[in-house]
Amino acid sequence: MSEKIRQLLSEEEVDRRICEIGKQISKDYEGKSVHMICVLKGGVFFTCELAKRLTVPVSLDFMSVSSYGNDTNSSGVVRIVKDLDENIEGKDVLIVEDIIDSGRTLSHLIEILKQRHPNSIRLCTLLDKPERRVKDVKVDYVCFNIPDEFVVGYGLDYAQKYRNLPYIGVVEF
(Lines give C-alpha, C1' and ligand atoms only; values in the text may rest on other atoms or scores of the structure.)
Protein backbone atom coordinates (compact mmCIF):
# COMPACT_ATOMS: atom_id res chain seq x y z
CA MET A 1 0.00 0.00 0.00
CA SER A 2 1.41 3.36 -1.01
CA GLU A 3 0.38 6.50 0.79
CA LYS A 4 1.01 10.24 0.45
CA ILE A 5 1.10 12.79 3.25
CA ARG A 6 -0.71 16.13 2.83
CA GLN A 7 0.19 18.86 5.35
CA LEU A 8 -2.75 19.87 7.57
CA LEU A 9 -1.00 21.97 10.24
CA SER A 10 2.46 23.48 9.82
CA GLU A 11 5.26 23.16 12.34
CA GLU A 12 4.88 26.88 13.11
CA GLU A 13 1.14 26.59 13.75
CA VAL A 14 1.68 23.66 16.10
CA ASP A 15 4.48 25.43 17.97
CA ARG A 16 2.44 28.62 18.37
CA ARG A 17 -0.57 26.74 19.75
CA ILE A 18 1.54 24.71 22.19
CA CYS A 19 2.91 27.99 23.56
CA GLU A 20 -0.63 29.29 24.07
CA ILE A 21 -1.80 26.11 25.80
CA GLY A 22 1.36 26.12 27.96
CA LYS A 23 0.53 29.62 29.20
CA GLN A 24 -3.04 28.60 30.02
CA ILE A 25 -1.96 25.48 31.90
CA SER A 26 0.69 27.46 33.82
CA LYS A 27 -1.98 29.97 34.82
CA ASP A 28 -4.44 27.24 35.85
CA TYR A 29 -1.83 25.41 37.96
CA GLU A 30 -0.27 28.55 39.45
CA GLY A 31 1.00 27.82 42.96
CA LYS A 32 0.88 24.06 42.34
CA SER A 33 3.01 21.48 40.64
CA VAL A 34 1.70 19.38 37.79
CA HIS A 35 2.35 15.67 37.33
CA MET A 36 2.26 15.07 33.59
CA ILE A 37 1.38 11.59 32.38
CA CYS A 38 2.48 11.16 28.79
CA VAL A 39 0.49 8.60 26.86
CA LEU A 40 3.06 6.76 24.76
CA LYS A 41 4.17 6.48 22.06
CA GLY A 42 2.50 9.28 20.16
CA GLY A 43 2.25 11.72 23.06
CA VAL A 44 5.98 11.96 23.71
CA PHE A 45 6.70 14.69 21.13
CA PHE A 46 3.83 16.87 22.35
CA THR A 47 4.55 16.21 26.04
CA CYS A 48 8.18 17.30 25.74
CA GLU A 49 7.31 20.48 23.86
CA LEU A 50 4.49 21.31 26.28
CA ALA A 51 6.60 20.65 29.40
CA LYS A 52 9.27 23.09 28.16
CA ARG A 53 6.63 25.83 28.06
CA LEU A 54 5.20 25.36 31.55
CA THR A 55 6.30 27.78 34.27
CA VAL A 56 5.06 25.65 37.18
CA PRO A 57 7.00 22.72 38.66
CA VAL A 58 6.59 19.59 36.52
CA SER A 59 7.09 15.92 37.22
CA LEU A 60 6.67 13.39 34.47
CA ASP A 61 5.66 9.76 34.06
CA PHE A 62 4.73 7.58 31.11
CA MET A 63 1.94 5.16 30.37
CA SER A 64 1.34 3.15 27.24
CA VAL A 65 -2.13 2.04 26.24
CA SER A 66 -3.25 0.72 22.90
CA SER A 67 -6.48 0.31 20.98
CA TYR A 68 -5.21 0.64 17.41
CA GLY A 69 -2.50 -1.91 16.60
CA ASN A 70 -1.47 -1.33 12.97
CA ASP A 71 -4.92 -0.30 11.77
CA THR A 72 -6.36 3.16 11.15
CA ASN A 73 -9.46 2.50 13.27
CA SER A 74 -9.67 1.89 17.02
CA SER A 75 -10.44 -1.72 17.87
CA GLY A 76 -12.33 -0.66 21.00
CA VAL A 77 -10.23 -3.03 23.11
CA VAL A 78 -7.90 -1.05 25.40
CA ARG A 79 -4.72 -2.69 26.69
CA ILE A 80 -2.24 -1.26 29.21
CA VAL A 81 1.15 -1.92 27.68
CA LYS A 82 3.21 0.06 30.24
CA ASP A 83 1.91 1.27 33.60
CA LEU A 84 3.12 4.26 35.61
CA ASP A 85 6.35 4.10 37.58
CA GLU A 86 5.19 6.51 40.30
CA ASN A 87 2.27 6.69 42.71
CA ILE A 88 -0.13 9.52 41.78
CA GLU A 89 -2.04 9.69 45.06
CA GLY A 90 -2.58 13.34 46.05
CA LYS A 91 -1.01 14.71 42.86
CA ASP A 92 -2.49 17.12 40.33
CA VAL A 93 -2.36 14.97 37.22
CA LEU A 94 -2.37 16.21 33.63
CA ILE A 95 -2.80 13.43 31.09
CA VAL A 96 -1.12 14.42 27.83
CA GLU A 97 -2.33 12.71 24.67
CA ASP A 98 -1.50 13.17 21.00
CA ILE A 99 -5.05 12.67 19.70
CA ILE A 100 -8.50 11.90 21.03
CA ASP A 101 -10.77 10.13 18.61
CA SER A 102 -13.48 7.77 19.87
CA GLY A 103 -12.66 8.54 23.52
CA ARG A 104 -12.63 4.84 24.43
CA THR A 105 -8.96 4.74 25.38
CA LEU A 106 -9.02 7.93 27.45
CA SER A 107 -12.31 7.07 29.17
CA HIS A 108 -10.83 3.74 30.25
CA LEU A 109 -7.52 5.32 31.29
CA ILE A 110 -9.17 8.07 33.35
CA GLU A 111 -11.25 5.51 35.26
CA ILE A 112 -8.10 3.52 36.07
CA LEU A 113 -6.25 6.64 37.26
CA LYS A 114 -9.18 7.90 39.40
CA GLN A 115 -8.91 4.70 41.43
CA ARG A 116 -5.37 5.74 42.37
CA HIS A 117 -6.67 8.83 44.23
CA PRO A 118 -4.95 11.78 42.57
CA ASN A 119 -5.88 15.26 43.82
CA SER A 120 -7.15 16.14 40.35
CA ILE A 121 -7.09 14.83 36.78
CA ARG A 122 -7.16 17.03 33.71
CA LEU A 123 -6.72 16.07 30.08
CA CYS A 124 -4.69 17.85 27.41
CA THR A 125 -4.53 16.80 23.77
CA LEU A 126 -2.72 18.07 20.74
CA LEU A 127 -5.54 17.00 18.40
CA ASP A 128 -9.21 16.30 18.93
CA LYS A 129 -11.83 14.74 16.67
CA PRO A 130 -14.98 15.45 18.71
CA GLU A 131 -17.35 14.26 15.97
CA ARG A 132 -15.86 10.75 16.29
CA ARG A 133 -16.55 10.53 20.04
CA VAL A 134 -18.41 7.43 21.22
CA LYS A 135 -17.40 7.81 24.90
CA ASP A 136 -17.94 11.07 26.75
CA VAL A 137 -14.55 12.45 27.74
CA LYS A 138 -14.00 15.94 29.20
CA VAL A 139 -11.00 17.45 27.45
CA ASP A 140 -9.62 20.42 29.41
CA TYR A 141 -7.03 21.63 26.90
CA VAL A 142 -7.24 21.16 23.13
CA CYS A 143 -4.65 22.53 20.74
CA PHE A 144 -6.59 21.76 17.54
CA ASN A 145 -9.95 20.31 16.57
CA ILE A 146 -9.43 18.49 13.30
CA PRO A 147 -11.64 16.87 10.66
CA ASP A 148 -12.22 13.13 10.53
CA GLU A 149 -9.09 12.22 8.61
CA PHE A 150 -6.24 9.90 9.55
CA VAL A 151 -3.31 12.09 10.63
CA VAL A 152 0.39 11.54 11.23
CA GLY A 153 3.39 13.54 12.34
CA TYR A 154 4.46 15.16 15.58
CA GLY A 155 4.38 11.75 17.23
CA LEU A 156 1.35 10.30 15.46
CA ASP A 157 1.99 7.30 13.27
CA TYR A 158 0.61 5.04 10.63
CA ALA A 159 1.98 1.51 11.23
CA GLN A 160 4.89 3.06 13.20
CA LYS A 161 5.86 5.40 10.34
CA TYR A 162 5.81 9.23 10.08
CA ARG A 163 6.08 10.01 13.83
CA ASN A 164 9.10 12.20 13.15
CA LEU A 165 7.36 14.64 10.81
CA PRO A 166 7.58 18.12 12.37
CA TYR A 167 4.04 18.97 11.21
CA ILE A 168 0.62 17.31 11.21
CA GLY A 169 -0.22 15.61 7.93
CA VAL A 170 -3.13 13.65 6.51
CA VAL A 171 -2.48 10.17 5.18
CA GLU A 172 -3.90 9.79 1.67
CA PHE A 173 -4.01 6.26 0.29
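The chain is numbered in sequence order, starting from 1. Side chains included, hydrogens not; waters and symmetry mates left out as well; all remaining heavy atoms used.
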Evaluation steps, side chain to side chain contact (heavy atoms under 4.5 Å, CB included), between V44 and F62: CA-CA 9 Å; V44 74; F62 299 89; 4.3 Å; yes
Show me the donor-acceptor pairs, under 3.5 Å and distance only, between side chains in residues 36-43 and residues at least two apart or in other chains.
none

Nearest heavy-atom neighbours spanning P118 and V93: CB-CG2, 3.8 Å
side-chain contact (heavy atoms from CB on, under 4.5 Å) partner of L127, the single match among L9, V14, D101: L9
With S64 via side-chain hydrogen bond (donor to acceptor under 3.5 Å, both in side chains) - residues at least two apart: none
Results of side chain to side chain contact (heavy atoms under 4.5 Å, CB included) for Q24 - residues two or more places apart only: K27, D28, Y141
T105/K135 under side chain to side chain contact (heavy atoms under 4.5 Å, CB included): CA gap, chis, key distance, verdict: CA-CA 9 Å; T105 302; K135 286 278 193 177; over 6 Å; no
Interatomic distance, I95 atom CD1 to L106 atom CG [nearest 0.5 angstrom]: 6.0 Å
Whether Y158 and F150 hold their rings parallel, tilted or perpendicular, with breakpoints at 30° and 60°: perpendicular
D61: salt bridge (charged side-chain N to carboxylate O under 4.0 Å, His left out) partners, not counting sequence neighbours: none
Value rounded to 0.5 Å, distance of CD in E89 from CG in N119: 10.5 Å
Any Y167 side-chain heavy atom under 4.5 Å of I5 side chain: yes
Note, L109 side chain near E97 side chain (heavy atom, < 4.5 Å): no
Listed once per pair and sorted, the salt bridge (Lys or Arg N to Asp or Glu O under 4.0 Å) pairs that draw on residues 162-173, sequence neighbours left out: R6-E172, D157-R163
Over all atoms of both residues, closest heavy-atom pair of D92 and S120: OD1-OG, 2.7 Å
Within-4.5 Å side-chain heavy-atom neighbours: D98 and F46: no
side-chain hydrogen bond (donor to acceptor under 3.5 Å, both in side chains) partners of K91, counting only residues at least two apart: E86
Which residues share a side chain to side chain contact (heavy atoms under 4.5 Å, CB included) with T55, sequence neighbours left out: S26
Summary of salt bridge (Lys or Arg N to Asp or Glu O under 4.0 Å) pairs that have at least one residue in residues 105-114, sequence neighbours excluded: E111-K114
Spatial distance of atom CD1 (I21) from atom SG (C143) [nearest 0.5 Å]: 4.5 Å
For E13, side-chain hydrogen bond (donor to acceptor under 3.5 Å, both in side chains) partners two or more places apart: S10
All side chain to side chain contact (heavy atoms under 4.5 Å, CB included) counterparts of D140, not counting sequence neighbours: R122, L123, K138
Spatial distance of atom CD1 (I110) from atom CD1 (I121) [nearest 0.5 Å]: 6.5 Å
Partner set under side chain to side chain contact (heavy atoms under 4.5 Å, CB included) for I112, not counting sequence neighbours: I80, H108, R116
CG on L126 to CD1 on I18, rounded to 0.5 Å: 5.5 Å
Side chain to side chain, F144 and L8, heavy atoms closer than 4.5 Å: no
Partner residues of K82 under the salt bridge (charged side-chain N to carboxylate O under 4.0 Å, His left out) criterion, sequence neighbours left out: D85
For the student: nearest non-hydrogen atoms of I146 and E131, plus distance: O-OE2, 3.5 Å
For the student: nearest non-hydrogen atoms of G22 and L54, plus distance: O-CD2, 3.5 Å
Which atom of V137 lies closest to which atom of G103, heavy atoms considered: CG2-O, 3.4 Å
Spacing of K129 atom NZ and N145 atom CG [to the nearest 0.5 Å]: 12.0 Å
Side-chain donor or acceptor of R53 paired with backbone N/O of E20 under 3.5 Å: no
Within 6.0 Å of CD in E30, more than 12 heavy atoms from elsewhere: no
